[in-house]
Amino acid sequence: MKKREVKLGFADENIADQYPILHLSEGLQKDAGQNSWDAKVTRKGKAWKLVFRYIPQLNSLTIEDFGTLGMNAKRWKEYQSLWDTTKAEEPTLGARGQGKFLFHYFAKNKLVLTESIDEEKNYRFSFGTSEEYDDENKKLEDFIPNAKPLDHQGTRIWIMDLKQELRDELLDYKAFMNYIAATWWEIIRNWNATFIVNFNGTDHKVVLPELPVAEKEKVFPNEKIIDLGRVKKLVLRYCKNEAPELYRGIAVQRGGMTILRLPVSAEETIKNKIYGYCTFDEDLESELKKVELPNHFGFSPKRAWNHTKEYIRRKSDAFIQEVSPAKKKKEINLPQDLIERAVRIVNDLVREYAPELAAEVTGSGGKKPDTKKHRERKSPPPIRIDTFRGNARKLEYDESLITECELVNGTDNAAKLQLKIEVRHEEGDLKFNPRYTIVLDSNKRERIDIPLVDFQEGIDKPGEYRATAILEDGEGKEPHRRSFTFYLHEEPPPPRGRVFLSTMRFLYGKGKPFERSKQLPLTDKAVLYIIFDHLDFAHVREVRSSKKAQKQEVFLYSIKCGIDEAVQKLLEFRYNEGQLDTDEIRVIKDKCDAMYYDAVSSPMA
């Protein structure tokens, strides 16, 4: 016996990726097909044929090909060398040398027999497992008495004594043939490639099903994907009737084989009627091969696949918009209490993380905002308390106030500062009052670590508390102060006076200039219009089946739109102040992340 030569260049990837296959036989036909099609004699596969045959008396499966090169000495050595990744650099379907593992896996004792005849009519035979093989000391007849050896150029593989789970699958030969048709439809259609399945004593030729006639078709030829190569053709079809399940979505093709089918994002009634395919030029096929999973069922989320997938997604989303039946737009009625809660959470977050954005709004019976005063708002001082906020607007006993505080020195000189912090109850009782002496270098931001403040029942009064931070320079002047309010064991009152957002409203965008926007800019009256039929919002509503879950998703999406608008306004505010540098952008990004987190974890959510 000879030890197999194992090249471990991609061993970790092969082991990690493995075979996430729902039906084992689907993976078997895919690996067998790509090995055989790679070995075809002519470019278009003239006289190529692949035959799968189950032999009940041996409980074995043979895979035999015709119109192929067979294995000469070099190919024979590569075949016997498991995990030989030579083909990763060649324009073939196979890449990782992993497919042979499947053949051994499906045999109870991992025994696989292999015969091959090359172009010079040299016959070769081997037997072995995934760990060792022998191609010198035995013949086919030693394992299968009276068996007739291979008698034509090509290869035949015997998977001996099949495992129960594979054998049970093979009894459903029609399903196996459907997998072949769905995977290899391109070479069957274009090159008359022949697949034969005989699991019940009768040869059955794989034929393609008749797919529904397309009511609408769109073809996108020869489009460039950045510097990776070109999409040769993307075809999208919408049918009156549903497509067979195995054909739904967009087939991503490589070398005539369907790697996967990308589902489209649409309502179920639309999604089931859409199918199509995407082919690529040699350059893009080569790039996609590098990131293809070893099992040929998908791609790693790397550059070539990410850009290709995004291209298909954009085109299919636009196609869905075209084919979706025109519906009379229903009036958008969302529960008022849901909108009010979403507005309240957004305003609470803005009050904590970006209080400078609060603007007077016209309430019922209220006066109009003083827009002149709003325009003339003073810019914050260069030495200032940039961040000062608590972790929650409401606290309970045995909970702690966590205060975030950051100072900024925007001048060209270092500054020696005094920072005083007070936490007082509304009745005047002092709860907390630390003092800090800080030397803040020029053009620098510094975070101040403020101790947690604990509250205990029976000691601390419930009600409103105000935390105030006062910044003084060395001369006793007060450059800046900030404060925030929170409530202990008491519900905070609704916002009054200065708020960022007055309400949210929803409108349809399709066919309008803003149809690609998630929301419109905040109006002068602090109204946020959210685009109800934007694809992202539609997807959010579709993923949830129950009305309760859907309502929750709409609620969170609305809050996210409010936060996005606040972040946009904060960026504009800092830019107008001349303070939007890379450090400030990072700070605003951190605030955005914190607002998202607080929104999802809010008790009101």
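Quick caveat: nothing in here was measured; it's all calculated off a predicted structure. Both backbone and side-chain heavy atoms feed into the values below; hydrogens, waters and symmetry mates do not.
Here SG of Cys278 is found 8.5 Å from CD1 of Ile250. Values are rounded to the nearest 0.5 Å. Interatomic distance, Arg344 CZ to Arg351 CZ, rounded to the nearest 0.5 Å: 9.5 Å.
When the options Lys589, Arg445, Gln579 are evaluated for a side-chain hydrogen bond (donor to acceptor under 3.5 Å, both in side chains) with Glu584, the one that passes is Arg445.
Aromatic ring centres of Tyr465 and Phe486 lie closer together than 6.0 Å. Aromatic ring centres of Phe319 and Tyr238 lie farther apart than the 6.0 Å criterion allows.
Legend: salt bridge (Lys or Arg N to Asp or Glu O under 4.0 Å) pairs involving residues 229-238, not counting sequence neighbours, sorted by first then second residue: Glu217-Arg237. Contacts classified as salt bridge (Lys or Arg N to Asp or Glu O under 4.0 Å) and involving residues 207-216 (residues at least two apart or in different chains) are given here: Lys216-Glu322.
Under the side chain to side chain donor-acceptor pair (under 3.5 Å) criterion, Tyr529 pairs with Arg505, not counting sequence neighbours. Scored by the side chain to side chain contact (heavy atoms under 4.5 Å, CB included) test, Leu570 finds Ala354, Glu356, Leu357, Arg574, Ile588, Lys591 as partners (sequence neighbours excluded). By the side chain to side chain donor-acceptor pair (under 3.5 Å) test, Lys273 pairs with no residue at all, sequence neighbours left out. When the side chain to side chain contact (heavy atoms under 4.5 Å, CB included) test is applied to Trp305, the partners found at least two apart in sequence or on another chain are Val252, Leu260, Leu262, Leu288, Val291, Phe299, Thr308, Lys309.
Using modelled atom types and a 3.5 Å distance limit, the side chains of Trp191 and Glu186 yield no donor-acceptor pair. Side-chain contact of Asp564 with Tyr596: a donor-acceptor pair under 3.5 Å is present, judged by distance alone. A donor-acceptor pair shorter than 3.5 Å can be found between the side chains of Thr258 and Gln253.
Open room surrounds NE2 on His489; 12 or fewer heavy atoms of other groups in view lie less than 6.0 Å from it.
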